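What follows is one structure encoded as structure tokens, with my remarks underneath.
Predicted, not measured: the structure shown is a model, and the values here were computed from it. Numbering of ligands and ligand atoms starts at 1, following listing order.
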Amino acid sequence: MIYLDNAATSFPKPESVYQALDRFARTSLANPGRAGHRMAVAAERSLDAARHALNQYFHGDAPERWAFTLNATDALNIAIKGIVNPGDHVVTTDLEHNSISRPLHALEQAGVITLTRVVSSEGYVDAGAIRRAITPATRLVAMTHASNVLGTVQPIDEIGRLTREAGALFLLDAAQSAGVVAIDLRTARIDMLAFPGHKGLYGPTGVGALYVGPRTDGLIRPWREGGTGGDSSSPGQPRHLPYLLEGGTPNVLGVAGLAAGLSWVANHEPDALRRHEVDLLQIVVDWAAGSEGWKIAGRWDPATHVGALSLIVPGDLSPQDVGAILDTSFELAVRPGLHCAPYIHRNLGTFPDGTVRLSPGAFSTPEDVLAFTTALAEITAGVL
Ligand SMILES: Cc1ncc(COP(=O)(O)O)c(C=O)c1O
């Protein structure tokens with residue numbers, strides 16, 4: 001199988017991640033607990049080490065500001081539901097994955113918040129449009145760093161700055177950017193940063209992280225209460241981070257894998273992984289330009305792009321047909337459809353069938369991508 005679905009989850013993982021998972025599962029897979037036996041303490045230490053590593057990589061304020069979550073969706077739900085209050089206004093965009101759109105929709109439907117969805121152009125959100133959407137009641141700007149449909153990277157420095165000037169909080173979904181686009185929490189004015197461990201950080205599924213910055217102190221409420229491996233006497237959730245946000249046994253094995261993935265990513269030159277993926281996409285962009293009918297969705301700008309690209313399917317073929325043929329006849333794994341991001345497909349005019357998205361990863365090769373373009377040419381040769 002030629003795997004070009006890394007925007008869904010990265011595959012394969014680096015060898016060091018498989019080794020770390022195996023080693024940890026065999027030696028240290030106890031339930032973390034500060035007051036427990038030595039294996040429990042060792043498991044707790046590995047969580048702490050991973051928090052330190054994340055904090056160092058993203059230049060956060062303190063390791064305890066990193067809470068481990070199930071995935072990006074979990075992190076985004078904790079952030080959104082933990083921070084908004086009745087009557088708040090929230091600004092978001094049409095690029096969002098349902099992991100932002102649906103919690104906000106649910107809160108809007110329940111009458112808790114009012115919502116403004118800023119419309120993007122060719123895959124990019126204009127910072128000025130965000131500024132115009134902000135009102136005195138705006139509590140939160142919640143948006144993605146890079147579109148999972150189009151791969152376009154958003155101008156978050158400017159958006160973070162103007163959000164802060166307006167006194168609102170900035171929640172960034174870095175599901176498609178963490179590990180491939182540099183994020184510096186010292187300068188980027190991000191108040192909450194959410195991502196999964198299983199995409200560009202090359203960890204396993206079932207783990208993610210949420211960073212909560214100093215401006216959320218005393219404001220963010222836990223969305224889930226429960227055991228934290230310490231402080232059992234208190235009837236309520238501990239007030240201190242990260243335990244405030246971490247009720248229940250964390251995925252310690254997943255965190256060990258995430259830490260190994262992060263260490264592998266951090267050993268690369270800045271921007272090398274993103275460049276590798278974008279160079280592979282350039283092959284597809286060039287091929288599409290000379291092809292019969294295949295079109296790239298959104299604006300292609302290699303400098304502001306991550307490794308995901310959507311193709312608009314020509315003729316009477318549906319993206320689902322193309323995806324199925326690629327899978328069954330060419331052993332190629334891509335993602336057809338709406339990619340859990342319906343609003344951007346409405347904007348592009350590709351709703352409800354969507355597009356065919358390919359997303360190479362760190363281990364993808366030019367040959368993989370050429371196999372994809374050759375297959376597309378063969379599929380369409382007969383029908384166009
Ligand atoms: C932009 C974006 N946000 C959030 C998510 C949700 O990630 P997870 O499935 O880890 O919850 C994804 C997953 O594809 C994504 O691409």
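Under a 4.0 angstrom heavy-atom cut-off, K199 registers as being in contact with ligand 1. The closest approach between S99 and ligand 1 falls below 4.0 Å for a heavy atom of the residue.
Ring centroid separation for the pair F363 and W264 comes in under the 6.0 Å cut-off.
By the 4.0 Å N-to-carboxylate-O rule, K199 lies too far from E277 to be salt-bridged with it.
The atoms of ligand 1 that sit less than 4.0 Å from any heavy atom of T144 are 1 (C). Numbered from 1 in the order shown, with element, the atoms of ligand 1 that lie under 4.0 Å from a heavy atom of A175 read 1 (C), 2 (C), 3 (N), 4 (C), 5 (C), 12 (C), 15 (C). Of all atoms in ligand 1, listed by their number and element, those nearer than 4.0 Å to a heavy atom of P196 are 10 (O). Of all atoms in ligand 1, listed by their number and element, those nearer than 4.0 Å to a heavy atom of N148 are 1 (C), 16 (O).
Residue pairs meeting the salt bridge (Lys or Arg N to Asp or Glu O under 4.0 Å) criterion with at least one partner in residues 95-119, sequence neighbours excluded, are absent.
Donor-acceptor pairing under 3.5 Å is lacking for the side chains of S359 and N6. Judged purely by distance below 3.5 Å, without hydrogens or angles, the side chains of T216 and D191 never pair a donor atom with an acceptor atom.
Contact annotation: for H198 versus ligand 1, heavy atoms closer than 4.0 Å belong to the side chain alone. Contacts with ligand 1 closer than 4.0 Å are made by heavy atoms of both the backbone and the side chain of T73. When heavy-atom distances to ligand 1 are checked against a 4.0 Å cut-off, A72 comes that close through both its backbone and its side chain.
With respect to atom 1 (C) of ligand 1, the closest heavy atom belonging to the protein is D173 OD2, 3.4 Å.
Contacts of F58 classified as ring-ring contact (aromatic ring centres under 6.0 Å, His included), with partners at least two apart in sequence or in another chain: W66, F195.
A single hydrophobic cluster is not seen to contain both V212 and I190; linkage of ILVMFWY side chains at heavy-atom distances under 4.5 Å, directly or through other members, places them apart.
Of the candidates H145, Q176, H97, H97 brings a heavy atom nearest to atom 12 (C) of ligand 1.
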**Study point:** T144/H97 under side chain to side chain donor-acceptor pair (under 3.5 Å): CA gap, chis, key distance, verdict
**Key:** CA-CA 8 Å; T144 191; H97 188 275; over 6 Å; no
